[in-house]
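Written below as structure tokens is the structure these notes are about.
Just so it is clear, the values below take in all heavy atoms, side chains as well, and ignore hydrogens, waters and symmetry mates. Read the numbers this way: they start at 1 and go in the same order the structure lists the ligands and their atoms. For this chain, numbers begin at 1 and follow the sequence in order.
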Amino acid sequence: MTHPNAPETAEDAAKDAGRTGFSPRSLAAQAMGGVDPVTRAVVAPLHVSTTFLRDPDNGYSSGFSYARPDNATVREAEAVLAMLEGAQAGAMLFGSGMAAATAIFGALEPGDHVVAPRVMYWALRRWLREELPRRSIGVDFADSTDLEALTAAIRPGRTRLVWIETPGNPLWTVTDIAAAAEAAHAAGAVLAVDSTAASPVHTRPLALGADLVMHSATKILNGHSDVVAGVVAGARDDALWRRIAAIRAGGGAILGPFEAYLLMRSLRTLHLRAAAQSAGALALAERLSGHGHVAEVLYPGLPSHPGHAIARRQMEGGFGGMLSIRVTGGEAGAVAAAARVRLWKRATSLGGVESLIEHRASIEGEGSPCPPDLLRLSTGIESVDDLFSDLDAALRGAHG
Ligand SMILES: *Cc1c(COP(=O)(O)O)cnc(C)c1O
């Protein structure tokens with residue numbers, strides 16, 4: 001690809017990444033290190049044009065013709081994400097995490113079968129239940145943390161896709177990615193992983209055998225609660241990958257360039273944010289474990305968590321910024337505590353630099369495994385002491 005304003009430099013830098021041997025952290029900090037060849041700017045220009053001039057011979061030598069199928073700024077953010085995930089096929093950005101996930105399921109054929117986990121993002125579970133039957137695609141939900149149960153749900157020859165989410169929202173259950181990939185592959189299926197909670201800093205599903213990895217980039221990838229976006233990264237440029245690309249281009253689900261620009265800006269600090277949020281979540285999980293108003297702390301970084309051993313194997317540098325607590329006063333106690341916080345923000349979503357608290361059962365629909373006394377905590381980058389004392393006061397009823 002030759003283009004005067006450098007979208008190719010990020011791509012070339014992505015190709016160079018393997019050769020230079022620099023770490024993902026270094027490459028992300030520089031958004032792949034591309035430099036605009038016209039101005040020598042170290043931050044690439046934002047490409048907002050929806051259309052591109054034809055050449056005198058009627059061709060499109062830049063490789064760009066119209067902004068729905070492709071955009072240069074989007075491509076640059078995709079190059080960073082592909083590098084972070086070690087994705088040979090590359091990464092594709094979508095207008096939301098749901099658009100990314102549903103593009104994967106959209107690539108299936110009538111008669112196909114899907115296995116999904118019991119513990120997963122609620123809106124996607126609802127979409128699978130409502131939309132897959134309309135497309136004559138079967139879906140079964142299995143306990144993905146139990147390899148036997150997962151394997152039993154897979155129908156060799158019919159199951160085309162096994163979907164897992166780890167850590168799984170909102171209980172932070174841990175699924176063994178390598179084992180799930182083996183089980184899926186043995187039956188002729190592919191494994192797709194919703195890795196939103198882990199982020200590529202802590203887990204690289206493709207290196208563990210997964211075929212596709214999806215993120216809600218709205219969450220820690222962007223991390224500033226100001227962009228809605230989603231991404232799919234692929235291990236191989238195969239028929240399934242090209243079908244997902246065709247669905248994005250044809251369905252018009254591409255991310256806008258402004259959002260891609262903001263996302264790329266955020267990715268430069270991803271490693272710093274993820275490390276701080278993970279360390280904060282672990283400290284909170286430990287301090288809340290002995291709390292008189294907390295019945296249980298759900299965090300994969302705690303040795304008491306049932307998924308801890310697998311998490312230690314497949315997660316690096318921390319266990320993520322997400323934890324949940326079960327409050328001793330039941331549902332009423334949980335809702336009351338969430339209403340009393342002063343520093344934590346009582347809002348949905350996760351992964352941002354500001355800490356969020358949410359009574360999760362209020363939002364999860366049918367089929368949710370979320371207990372009514374559960375509060376979901378998304379750890380930001382504030383002082384952990386402040387976060388703990390605010391939560392402690394809210395739990396004890398000390399705040400107004
Ligand atoms: C938020 C979220 C999604 C959906 O992403 P959107 O960007 O909100 O569409 C999917 N999976 C997980 C784990 C999420 O947290």
Side-chain angles (χ1 to χ4, degrees), residues 74 77 81 85 91-106 114 116-131 141 144 161 163-175 177 192-203 205 210 212-233 247-248 251 253-256 259-260 262-263 266-267 274 277 281 298 300 307 315 319-324 347-352 355-358 360 363-365 367-370 374 376-380:
V74 170
L81 290 160
E85 289 294 355
M92 272 185 269
L93 277 166
F94 290 77
S96 69
M98 283 299 289
T102 59
I104 296 173
F105 293 101
V114 168
R118 284 241 166 83
V119 178
M120 68 181 292
Y121 180 65
W122 72 280
L124 184 57
R125 176 176 54 238
R126 186 179 66 186
W127 188 91
L128 296 175
R129 281 169 172 250
E130 289 179 1
E131 300 298 329
F141 294 87
S144 63
L161 179 73
W163 182 272
I164 59 172
E165 177 180 324
T166 185
N169 184 31
L171 305 179
W172 317 113
T173 47
V174 177
T175 297
I177 297 170
V193 181
D194 181 340
S195 195
T196 301
S199 92
V201 173
H202 301 306
T203 307
L212 295 169
V213 54
M214 167 263 158
H215 293 271
S216 166
T218 313
K219 310 297 169 54
I220 194 166
L221 290 179
N222 184 63
H224 294 74
S225 306
D226 55 7
V227 167
V228 173
V231 63
V232 181
I247 286 169
R248 187 186 74 165
I254 197 171
L255 188 66
E259 286 76 10
L262 283 172
L263 174 59
S266 295
L267 290 173
Q277 290 173 239
L298 306 171
M315 299 184 82
F319 300 92
M322 297 304 301
L323 68 154
S324 294
T348 196
S349 198
L350 56 103
S355 293
L356 303 178
I357 186 168
E358 183 179 34
R360 196 63 194 165
I363 205 170
E364 302 235 347
S368 168
C370 181
L374 182 143
R376 189 179 81 175
L377 308 177
S378 172
T379 315

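In the vicinity of Ser216, heavy-atom distances shorter than 4.0 Å reach the ligand 1 atoms 1 (C), 2 (C), 3 (C), 4 (C), 5 (O), 6 (P), 7 (O). Residue contact check: Lys219 has heavy atoms under 4.0 Å from atoms 1 (C), 2 (C), 3 (C), 14 (C), 15 (O) of ligand 1. Heavy-atom contacts of Leu350 reach the following atoms of ligand 1: 15 (O) (cutoff under 4.0 Å). Of all atoms in ligand 1, listed by their number and element, those nearer than 4.0 Å to a heavy atom of Ser96 are 7 (O), 9 (O).
The closest protein non-hydrogen atom to atom 7 (O) of ligand 1 is Thr218 OG1, 2.6 Å.
Ring to ring, Phe319 and Trp172 are not that close: their centroids are 6.0 angstrom or more apart.
In the candidate list Gly351, Ala197, Ser349, Gly97, Gly97 is nearest to atom 6 (P) of ligand 1, counting heavy atoms. Of all the listed residues (Trp127, Phe94, Trp122, Tyr121), Tyr121 holds the heavy atom that lies closest to atom 10 (C) of ligand 1. Comparing Asp194, Asn169, Thr348 against atom 13 (C) of ligand 1, the shortest heavy-atom distance belongs to Asp194.
For the residue pair Ala253 and Ala99, the shortest heavy atom distance occurs at CB-CB, 4.4 Å. In plain terms, the two heavy atoms of Leu263 and Leu81 that are nearest each other are CD2-CD1, 4.2 Å.
In this structure, Ala229 counts as a contact residue of ligand 1, since one of its heavy atoms falls inside 4.0 Å of the ligand. Distances shorter than 4.0 angstrom do not occur between any heavy atom of Leu124 and any atom of ligand 1.
When atom types are taken as modelled, the side chain of Ser324 and the backbone of Leu298 share no donor-acceptor pair closer than 3.5 angstrom.
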